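Below is one structure, written out as structure tokens; comments come after it.
Counting starts at 1 for both ligands and their atoms, in listed order. Note that this is a predicted model, so its numbers are computed, not measured.
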Amino acid sequence: MSGHSIKRLPVDTGVSGWEAISTRSVPVRMLDGNVSADWLIIGAGFAGLSAARRLSQLRPQDRIVVVDAHEIAKGPAGRNSGFMIDVPHSLSSGEYSVGGESATALEIEQNRFAIDFAAQAAAEYGMSAQTFDPSGKINAAATERGLKLNLKYARSLAGIGEKHELFDAAQMREITGSDYYHGGLYTPGAVMIQPAQYIRDLAAGLDSKISLYERSPIVELAKAGSGWVARSHKGQVSAPKVILAVNGHIEDFGHFQGRLLHVFTYASMTAGFSHDQFKRPVTGHDRWALLPADPMGATVRKITANGQARIVIRTRFTYDPSITVTSRRVAGVAAEQLQSLHARFPELQGTPMEFSWAGRLCLSRNSAPAFGEVEENLYAACCENGLGTVKSTLAGVMAAELATGTDSVFLQRFSQGSGPSKLPPSLLTRLGVNSVIRWQELRAGREG
Ligand SMILES: Cc1cc2nc3c(=O)[nH]c(=O)nc-3n(C[C@H](O)[C@H](O)[C@H](O)COP(=O)(O)OP(=O)(O)OC[C@H]3O[C@@H](n4cnc5c(N)ncnc54)[C@H](O)[C@@H]3O)c2cc1C
């Protein structure tokens, strides 16, 4: 039996505030000894747990094992800003774009299919309104350029018959309490999740249908007959079929090398504060969710639970092919995020950032997922192109359907693409990506 050694394991730098304030109801279990299953899923983020849920629907009698290198919700799935977005939203274009009519219609249909899948799980597993909130989101503009981008995006949405509403500066002030924004573009179809709580509740809901092993990194994956054996430090899992749901780390399993871009983005969450501390509603409504009108700007959310409000800011993208960033980098970005907070909410000068963290994204040059049967009985649901709350949910469901031979129209359309395109030589890619990021960040200016 010859195996592929996985030499690079995921590193999650900084503590995610979402994870820190969430609760878990099932104890952590590590892989210990030899386990046999009908299915093995490696990676317990949106893709892995969605694949597990779909498999449990399609093959209710089968034994499904899910393993993750870390505790669930400590990785990117519990570190994101929680925007499940239905209308097209391309990170790599530098603008929110609506492409050709048929491509756009398909993308919206796929996004809504994934959001519905998540909504059914949320209802079945009793997730709270704070965990899964179909509130919609606002593209907030803090510059003239941002206002123009919003208008352009509003025209594209009107062109495809999508509901939206433009807000002026006064409406933005009423919602957020801040004078910072000149306008906003509201779209109602986005769902806002508490990402760590969503992932924990999803795993807890699946508890009776799957065996989940955490803190159990897979360090070798080997072919055994027509099936597979995955080895961790203290145990191994044998299964006829395996789904890889490890996002960019699929490269370390020997697939899609030279085709994936490893990018990090960063977030900070304030300490809790009470509205009673201030003479006026300096942060507006209890909950709101702002994407930047310029995609390189700051994503800002406010949440409130038990009378305590918090603000979460996500900014910056960095290209890090090593798939690791330092604590020092996180601290540097956190200092900038504190300035962004104060620029928007001067009254919060005394409120510190309690948590700061970084998280991995996987992008491909042509925005295609790393999906399909990559070797006999080995399936990939990876490379989410930065929007994994929805795209990885979809990829996980599609991988389960592909691996079970389920006939589905969605799967046929999802499988049609040619996969991530090849990148130029690494030095050129590094120079190219870094200069595009830098230029787009400078252009975003006050949106950041
Ligand atoms: C700050 C930030 C903000 C973001 N905001 C948004 C947003 O608002 N909306 C949105 O849609 N997306 C957002 N994202 C992106 C989103 O978090 C990711 O797209 C999503 O988590 C990808 O899901 P996934 O299941 O594909 O991969 P992941 O969540 O990365 O899960 C993969 C899992 O595989 C595990 N793994 C890797 N290697 C191994 C191994 N060898 N053995 C065992 N397990 C392994 C990892 O530990 C990990 O848990 C954001 C990301 C960040 C960092």
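The distance from atom CD of Glu354 to atom CD1 of Ile21, rounded to the nearest 0.5 Å, is 9.0 Å. The line from CG of Asn34 to CZ of Arg231 is 11.5 Å long, rounded to the nearest 0.5 Å.
Per-residue contacts place Arg314 under 4.0 angstrom from the following atoms of ligand 1 (heavy atoms of the residue considered): 1 (C), 3 (C). Per-residue contacts place Ala77 under 4.0 angstrom from the following atoms of ligand 1 (heavy atoms of the residue considered): 21 (O), 29 (O). Interface atoms of ligand 1 facing Gly43, defined by a heavy-atom separation under 4.0 Å, are 33 (C), 34 (O), 35 (C).
For a threshold of 3.5 Å applied to N or O pairs, the pair formed by Phe83 and ligand 1 contains at least one separation below that value. Considering backbone and side-chain atoms alike, Glu384 places an N or O below 3.5 Å from some N or O of ligand 1. Inclusion of Pro76 in the set of residues having an N or O under 3.5 Å from an N or O of ligand 1 is warranted. Residue Leu361 has no N or O atom closer than 3.5 Å to an N or O atom of ligand 1. The distance criterion of under 3.5 Å between nitrogen or oxygen atoms is met by Thr389 with respect to ligand 1. At a 3.5 angstrom cut-off on N or O pairs, Leu9 does not count as close to ligand 1. Looking at Phe253 next to ligand 1, no N or O pair under 3.5 Å apart turns up. Between Tyr266 and ligand 1, not a single N/O pair is under 3.5 Å apart. Ligand 1 has an N or O atom lying under 3.5 Å from an N or O atom of Ala69, backbone or side chain. Taking distance alone, with nitrogen or oxygen atoms compared against 3.5 Å, Ser392 approaches ligand 1 more closely than that limit.
For the pair Arg360 and Phe264, the cation-pi test (distance below 6.0 Å, angle within 45°) is failed.
With respect to atom 38 (N) of ligand 1, the closest heavy atom belonging to the protein is Pro10 CD, 3.5 Å. Remark: minimum distance from atom 41 (N) of ligand 1 to any protein heavy atom is reached at Ile218 O, 3.1 Å. Scanning all protein heavy atoms for the shortest distance to atom 31 (O) of ligand 1 gives Gly45 CA, 3.8 Å. Protein heavy atom at the shortest distance from atom 4 (C) of ligand 1 is Asn80 CB, 3.1 Å. Looking only at heavy atoms of the protein, atom 12 (N) of ligand 1 is closest to Gly386 O, 3.3 Å. Counting only heavy atoms of the protein, atom 53 (C) of ligand 1 lies nearest to Gly359 CA, 3.2 Å. Atom 1 (C) of ligand 1 has Arg79 O, 3.3 Å as its closest protein atom, hydrogens excluded (heavy atom only). Among protein heavy atoms, atom 52 (C) of ligand 1 sits closest to Thr265 CG2, 3.4 Å.
A donor-acceptor pair is defined here as one N or O able to donate and one able to accept, closer than 3.5 Å; no such pair exists between the side chain of Ser340 and the backbone of Leu338. A donor-acceptor pair under 3.5 Å links the side-chain atoms of Glu447 to the main chain of Ala142, judged by distance alone. Between the side chain of Ser364 and the backbone N or O of Ala368 there is at least one donor-acceptor pair closer than 3.5 Å.
Contacts with ligand 1 closer than 4.0 Å are made by no heavy atom of Ile85, backbone or side chain. The proximity of Ile42 to ligand 1, defined as any non-hydrogen pair under 4.0 Å, is limited to the side chain. Within the 4.0 Å heavy-atom criterion, the part of Ala245 lying near ligand 1 is the backbone and not the side chain.
Counting non-hydrogen atoms of other residues, nucleotides and ligands closer than 6.0 Å to CZ of Arg430 gives a total of 12 or fewer.
The heavy atom nearest to atom 47 (O) of ligand 1, out of those in Val219, Ile193, Asp68, is found in Asp68. Residue nearest to atom 20 (C) of ligand 1, selected from Ala51, Ala47, Gly388: Gly388 (by heavy-atom distance).
Checked against ring-ring contact (aromatic ring centres under 6.0 Å, His included), Phe414 has the following partners two or more places apart in sequence or in another chain: Phe371.
Looking only at side-chain heavy atoms (C-beta outward), Leu212 and Asp207 stay at 4.5 Å or farther from each other. Side-chain contact between Gln412 and Glu401: absent, with no pair of heavy atoms (C-beta onward) separated by less than 4.5 Å. With a 4.5 Å cut-off on side-chain heavy atoms, Val67 and Ser232 do not count as touching.
Just one residue in the list Gln194, Arg24, Arg200, Arg79 forms a side chain to side chain donor-acceptor pair (under 3.5 Å) with Glu19, and that residue is Arg200.
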Taking distance alone, no hydrogens or angles, what donor-acceptor pairs closer than 3.5 Å link side-chain atoms of residues 265-273 to residues at least two apart or in another chain?
from, atom 1, to, atom 2, distance (Å)
Thr265, OG1, Arg314, NH1, 2.8
Thr265, OG1, Thr315, O, 3.4
Thr265, OG1, Arg316, O, 2.6
Tyr266, OH, Thr318, OG1, 2.6
Tyr266, OH, Arg329, NH1, 2.5
Ser268, OG, Gln337, OE1, 2.6
Ser268, OG, Ser356, OG, 2.7
Thr270, OG1, Ile311, N, 3.0

Verdict with supporting geometry, Ile138 and Leu185, side-chain contact (heavy atoms from CB on, under 4.5 Å): CA-CA 5 Å; Ile138 299 170; Leu185 171 62; 5.8 Å; no
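Side-chain contact, Trp39 with Asp62: a donor N or O sits under 3.5 Å from an acceptor N or O.
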